[in-house]
Amino acid sequence: MLEEPRAGRLAAWGNALLAGLVSPDDAAVRAVGDDAAHRVVGLPGEPGPVALTLAFGRLRALGVAGLRVALPAPGHPLGLSGPPEFNTAALEAGEAVLAGGAPGMGAQAGPALGLIPEVDEAGAAGDVLTRVVWRCSAVRQAPPADVPSLGEAERELNDVLRETTEALAMLDVAGAGPATRARLDAYRARMERGRQVLAPGYPPRAARVLELARRVAGLVELAGGGEHGGAVSAAEIAARDRLLRPVERAARRARVAAYNAYAEELERQRG
């Protein structure tokens, strides 16, 4: 996933707002990014769709103290806590945001909520208008699945890279075709234009882990795209795919750990 997940933007800038480090308008603009508009439906107390500025305010009024990210994939419900119907919808979308209250608040913490994006794109190539509706529903108040600490995620990512780099080189990953390389170059250019990796309020280690995860995601995209580079035989393609699976999984786990670092730190501070 070369594109920054919308769940990541929403959680990061929502957390900055909840921490009082950015204004509601700034948080909404950064969460929307290059999309045309984001709305939220299903928020408790709101009968219809609302803009992100109002949605952030409503979540805070409900007792939400931190936002977390889930990036599930088939067979790996990363960051999810249930119920099954929410997990199924999040898996189909590939991402979700979980909103929870501050530890120790009891009933005052309000309901545990989850938000899943529905993306609508219209227009011709090169002039696509993207609108997003976040569907909000209740989720279980339970630990999210398989989310590592920042330290664990960083070590895992470095370890899996060491284990696979030499083998990938032997399969001539660098021989990927021009379309894949163009996508990777465009992604790197976007990253260089906006060097702020996370919103204010995140620890420096979270930004470092997320940057590493993004670079690894670029490697996976380059190595595992539709163009098979130098790995031309079916056996070589299968071997490369086996090598890439743990790398992709480690990169997703690291991304979730980085985006969730604010909520994790909040829990540690409040005991």
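Just so it is clear, the values below take in all heavy atoms, side chains as well, and ignore hydrogens, waters and symmetry mates.
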If we ignore hydrogens and angles and just use 3.5 Å, is the side chain of S81 paired with the main-chain N or O of R140 as donor and acceptor?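 Checked: pair present.
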Is there a donor-acceptor pair under 3.5 Å between the side chain of N87 and the backbone N or O of G82?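 It does hold such a pair.
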For [X] and [Y], which heavy atoms make the closest approach, and how far apart are they?
X	Y	answer
G94	P72	O-CD, 3.7 Å
T53	A28	CG2-CB, 3.6 Å
P117	V132	CB-CG1, 3.8 Å
A27	F56	CB-CE1, 3.9 Å
G66	L266	N-CD2, 4.4 Å
A89	I116	CB-CD1, 3.5 Å

Distance-only side-chain donor-acceptor flag, H76 / R252, under 3.5 Å: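 Note: H76 and R252 side chains meet the donor-acceptor criterion.
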Just wondering, do [Y] and [X] contact through their side chains at under 4.5 Å, heavy atoms?
X	Y	result
P77	D146	no
L150	R208	no
V64	L67	yes
L52	L54	no
W134	V41	no
P49	V133	no
L113	P44	yes
R255	L210	yes

Who pairs with [X] by side chain to side chain donor-acceptor pair (under 3.5 Å), at least two apart in sequence or on another chain?
X	answer
N260	none
R205	E154
D35	R6, R9, H38

If you round to the nearest 0.5 Å, how far is [atom2] of [Y] from [atom1] of [X]?
X	Y	atom1	atom2	answer
Y262	L198	OH	CG	13.0 Å
W13	L18	CH2	CG	13.5 Å
E156	E152	CD	CD	8.5 Å
L91	L78	CG	CG	11.5 Å

Give the intermediate values and the outcome of side-chain hydrogen bond (donor to acceptor under 3.5 Å, both in side chains) for residues Y202 and N15. CA-CA 9 Å; Y202 277 83; N15 283 330; 3.0 Å; yes
Pairing of E264 and R68 as salt bridge, 4.0 angstrom limit: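 Answer for the salt bridge query: yes.
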Check this for me, if you would: do R214 and E4 make a salt bridge, where the nitrogen-to-carboxylate-oxygen distance has to be below 4.0 angstrom?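 Salt bridge between R214 and E4, a charged N being under 4.0 Å from a carboxylate O: yes.
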Mind checking whether [X] and [Y] sit in one hydrophobic cluster, side chains of I, L, V, M, F, W, Y counted as touching below 4.5 Å?
X	Y	result
L10	L59	yes
V69	V147	yes
L80	L115	no
L212	V160	yes
V119	V32	yes

Give me the one residue out of E85, E118, E92 that meets salt bridge (charged side-chain N to carboxylate O under 4.0 Å, His left out) with R135.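 Looking at E85, E118, E92, the match for R135 under the salt bridge (charged side-chain N to carboxylate O under 4.0 Å, His left out) is E118.
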